[in-house]
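To start, the structure under review is shown below, and the notes come after it.
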Protein chains: 2
Amino acid sequence: MTATIKDVAKLAGVSPSTVSRVIANSSRISEKTKKKVRDAMKQLGYHPNMIARSLASQTTQTIGLVAASSNDLVFQNPFFPTVLRGISEGAHEKQYSLHMTTGKTEREIYEDVVKMVQGRRVDGLILLYSKVEDPVLGYLMERNFPFVVIGKPFKHVEEITHVDNDNFRAAKDVTKHLVDLGHERIAFVGGNLNFVVTVDRVLGYEKALRDVGIEMRNEYVVHEEFVREGGQEAMKELLSLDEPPTALVVADDLMALGVLNTLNEIGMRVPEDISVVSFNNVMLAEMSRPPLTSVDINIFDLGFESARNLIQMIENPKEPVKRIIIPHNLVKRDSCGPLEFSNPNQMVQF
Amino acid sequence: MTATIKDVAKLAGVSPSTVSRVIANSSRISEKTKKKVRDAMKQLGYHPNMIARSLASQTTQTIGLVAASSNDLVFQNPFFPTVLRGISEGAHEKQYSLHMTTGKTEREIYEDVVKMVQGRRVDGLILLYSKVEDPVLGYLMERNFPFVVIGKPFKHVEEITHVDNDNFRAAKDVTKHLVDLGHERIAFVGGNLNFVVTVDRVLGYEKALRDVGIEMRNEYVVHEEFVREGGQEAMKELLSLDEPPTALVVADDLMALGVLNTLNEIGMRVPEDISVVSFNNVMLAEMSRPPLTSVDINIFDLGFESARNLIQMIENPKEPVKRIIIPHNLVKRDSCGPLEFSNPNQMVQF
DNA sequence: TTGTACGCGTTATCAT
DNA sequence: ATGATAACGCGTACAA
């Protein structure tokens, strides 16, 4: 059916191994022979069978992608396509392909991983998330299989190559920014605490407050899985406190959009009545009303560097463990204002 | 290193072929032997080498995904993760894996496809887009390789299995909806005409107008690649016509969000001054201000059905060509109002 | 510089 | 019901 290496060999009048060497562009083949063989390949429309090659060479030139459960926020979030684009570009550069998990539950995903690894379908893995308890990590470390984590591993940080932002610092910076604007009653609206990124951002938020001697209040920290449902309730509760916050640090642009809507519904103006900052700086941040002040975490680079570094690990097994920190920077738009603008004692009508 | 079928055979005291049969759960193996073999597999932590299996069986249990150039709108759009989730679920159901292209340019993507097909890495392909001129289509048809298109093929519609919405009808419905609200000056704001979906939607829009005898105006149809840059200009031009439209049919929620922003900037209220409807009904539609009236095209199902049908084609080569139409429905929110609300003759200040 | 022969880990055919 | 043997298409020592 399809031409194989043998067909090419026959047509070119050489042995199969010579053809193989021409494919690998071996320096020990004369230019004349190379040309002959290449002509034959063209003529037959030959393309190497990657499966056979993989079996023989014990390498697939393929990177496996492990996404968190598609039930999770991650998949709805513009974060995903962007990081994927980064990975894609990093992989393409070195001629690697991408293979994806399809599992939904944690259990299914674990099985996908085993199947990729033991099934020898991939040379390495990128974990697109980092959560607090993750059986996949143990499995991979135990087998000493090349992988990199996007985000900060919860345990074994020193032993796992990962690509991350300094989320602690970013949250600290952003909170400090609000403090500098005069705010003292600053609340944190976060996501699932099972994700390490959320933990880091809460901690950074708390540190900033401690640094300037602002008292922490438990009722100022809310965690909602997602904003559309329970989020509204949580927001209303937060804002009906005796001393409602004058500023909000929101863990994610998408959540912030929900927050903005809720605020709008209950008649609070941003930034006049309350300031909002968030993270990720996806396109949405720019397109929301008002445009969101947001921390740009360079999502594309997170993906791109993961791919690059994973490939290095694959091609050089002695590569040392690395921590790559992608820089972030605050993009100021219109969702934050100085405290004197806000009127924290106004009555909020529900 | 890793246990192979031979190791299992040795430990279980049977031949490799018996182990292979146990894996396939062949009915011609005694339960006793099966148990013996399975115990050995557990004990060794055996998992089949999918690469070797693929080489021997000439099948990969893998679906290839072809995304349009990542430069295109597609990747930025929430459409992508959602359709991917659908595909993922459809594939998972039948134990298929996913393999992705990484190319950016049209040329690179074409090469990715060839590599997947001739490299025998995948059993079939899903094209996540449909454009007017696409060399990939010709290549696949010529080789008679199983594939399905998401969207409507521009040519050879009868010969290509595809999963699509009735975009013509949807656009017609939505335009009619505006007409029913009393609008007559209805403009169409579309995307890249190289995508068939755009073409279909314009045509539906035009048909609706013709049906009710409203005169078509060329200046009422604008096509902008994307909304953030040139889109603003186009919008302003559109709205400064002598007789500006009182309603807009926008080809996509993301574009509609941009449109909403532009309208907001130039001080036009939605829906009081102008009505807006769009397509896709992604989460954004719900979260924008005002919430967008949008055609829900059931993106997830587009993906899910593509995967299902592709797998059918793979497993039954005589499967007839199919056209699967995923239903759509108009989700009415707050971005459309009756004509009497709008004031088409107001002066617009820039 | 090129060819021969074997192995990669399975599945499939043909015996028994 | 099970085993031996030959593919599957390619890479690579080893030979020449």
Side-chain angles (χ1 to χ4, degrees), chain A residues 1-38 40-41 44-62 114-123, chain B residues 1-38 40-41 44-62 95 97 115-123 315:
Chain A
M1 186 76 183
T2 312
T4 76
I5 213 171
K6 285 182 192 167
D7 302 320
V8 176
K10 204 165 296 174
L11 182 60
V14 298
S15 79
S17 47
T18 299
V19 176
S20 177
R21 291 186 182 106
V22 172
I23 295 173
N25 200 15
S26 161
S27 56
R28 316 183 310 184
I29 299 286
S30 73
E31 280 306 323
K32 205 171 59 189
T33 310
K34 281 188 183 174
K35 173 157 176 28
K36 212 168 47 184
V37 171
R38 288 187 177 128
M41 297 198 306
L44 294 174
Y46 170 79
H47 275 263
N49 181 322
M50 305 303 284
I51 297 290
R53 169 184 292 193
S54 290
L55 186 58
S57 67
Q58 301 285 48
T59 161
T60 60
Q61 295 266 104
T62 300
V114 172
K115 198 168 170 184
M116 285 202 244
V117 173
Q118 317 235 21
R120 300 228 166 282
R121 285 233 245 223
V122 300
D123 296 339
Chain B
M1 188 73 183
T2 312
T4 76
I5 213 170
K6 286 181 190 166
D7 302 319
V8 176
K10 203 165 296 172
L11 182 60
V14 297
S15 79
S17 28
T18 299
V19 176
S20 178
R21 290 190 182 104
V22 173
I23 295 173
N25 201 14
S26 161
S27 55
R28 316 184 307 183
I29 298 287
S30 74
E31 281 306 324
K32 205 170 59 187
T33 312
K34 280 187 183 173
K35 173 155 176 31
K36 213 166 48 182
V37 170
R38 284 182 182 136
M41 298 199 306
L44 294 174
Y46 170 80
H47 275 263
N49 181 321
M50 306 302 285
I51 297 291
R53 169 182 291 189
S54 289
L55 184 58
S57 68
Q58 301 285 50
T59 161
T60 60
Q61 295 265 104
T62 299
Q95 314 267 49
S97 305
K115 199 168 169 184
M116 284 201 248
V117 172
Q118 317 234 23
R120 301 226 167 279
R121 285 233 246 223
V122 300
D123 296 338
E315 298 186 343

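Note that the structure is predicted; figures quoted are calculated from it, not measured. In the text below, chain A, chain B and the rest are named by the order of the sequence lines, each starting its count at 1.
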Study note, to complete from the structure: Here the gap from B:N49 atom CG to A:Q118 atom CD, rounded to the nearest 0.5 Å, amounts to 10.5 Å
Exercise for review: Rounded to the nearest 0.5 Å, what's the gap from OG on B:S30 to NZ on B:K35? Could you check?
Suggested key: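 So the gap between those two atoms works out to 12.0 Å.
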Take atom [atom1] of [X] and atom [atom2] of [N], then tell me their distance rounded to the nearest Å.
X: B:K6; N: C:dT10; atom1: NZ; atom2: C1'; result: 10 Å
X: B:R53; N: D:dG9; atom1: CZ; atom2: C1'; result: 19 Å
X: B:Q61; N: C:dT11; atom1: CD; atom2: P; result: 12 Å
X: B:Q58; N: C:dG9; atom1: CD; atom2: C1'; result: 14 Å
X: B:M50; N: C:dG9; atom1: CE; atom2: P; result: 15 Å
X: B:L55; N: D:dC8; atom1: CG; atom2: C1'; result: 4 Å
X: A:K10; N: D:dG9; atom1: NZ; atom2: P; result: 12 Å
X: A:R120; N: C:dT10; atom1: CZ; atom2: P; result: 10 Å

Options [options], nucleotide nearest the side-chain atoms of [X]:
X: A:A56; options: C:dG9, C:dC8, D:dT2; answer: C:dC8
X: A:P48; options: D:dC10, C:dT2, D:dG3; answer: D:dC10
X: B:T4; options: C:dG3, C:dT10, D:dC8; answer: C:dT10
X: B:N49; options: D:dT2, C:dT10, D:dG9; answer: C:dT10

**Study point:** Pairwise side-chain contact, A:T2 with B:R120, heavy-atom cut-off 4.5 Å (strictly under)
**Key:**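 Sidechains of B:R120 and A:T2: in contact.
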Practice item. Please work out if B:S54 contacts a base, only the sugar-phosphate, or nothing of the nucleic acid, heavy-atom cut-off 4.0 Å. Key: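 Touches nothing.
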Check your understanding: A:P16 near the nucleic acid: base, sugar-phosphate alone, or nothing, with a heavy-atom cut-off under 4.0 Å?
Key ->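 Since no nucleic acid heavy atom lies under 4.0 Å of A:P16, the category is nothing.
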Review point. Can you list the steps and then say if B:S20 with B:S17 is a side chain to side chain donor-acceptor pair (under 3.5 Å)?
Key: CA-CA 5 Å; B:S20 178; B:S17 28; over 6 Å; no
Going by atom type alone, with no hydrogens or angles, which donor-acceptor pairs under 3.5 Å involve a side-chain atom of residues 4-11 of chain A and a protein atom two or more places apart or on another chain?
residue : atom : partner : partner atom : Å
A:T4    : OG1  : A:K6    : N            : 3.1
A:D7    : OD2  : A:T4    : N            : 2.8

Check your understanding: Can you list, by residue number, the residues of residues 19-29 of chain B that have a non-hydrogen atom closer than 4.0 angstrom to DNA chain C?
Key ->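 Within this stretch, B:S20, B:R21 sit under 4.0 Å of the strand.
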Practice item. Can you pull out how bent the helix from C:dT1-D:dA16 to C:dT16-D:dA1 is, comparing the axes over its first five and last five pairs, to 10°? Key: 40°
Exercise for review: Would you mind telling me which residue lines up with the more 5' stretch of DNA chain D, B:K34 or A:Y46, judged by nearest nucleotide?
Suggested key: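 Per heavy-atom nearest nucleotide, the more 5' residue is B:K34.
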**Study point:** B:I23 versus B:R53, closest heavy-atom pair with distance
**Key:**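 Minimum heavy-atom separation between B:I23 and B:R53: CG2-NH2, 3.2 Å.
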Check your understanding: Which heavy atom of A:T62 sits nearest a heavy atom of A:R121, and at what distance?
Key ->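 Looking at all heavy atoms of both residues, the shortest contact is CB-O, 3.7 Å.
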Review point. Would you say the base of D:dA4 and the side-chain of B:S17 have a donor-acceptor pair closer than 3.5 Å?
Key: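 Pair found.
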Exercise for review: Could you tell me whether a side-chain N or O of B:D123 sits under 3.5 Å from a main-chain N or O of B:T59, the two making a donor and an acceptor?
Suggested key: no
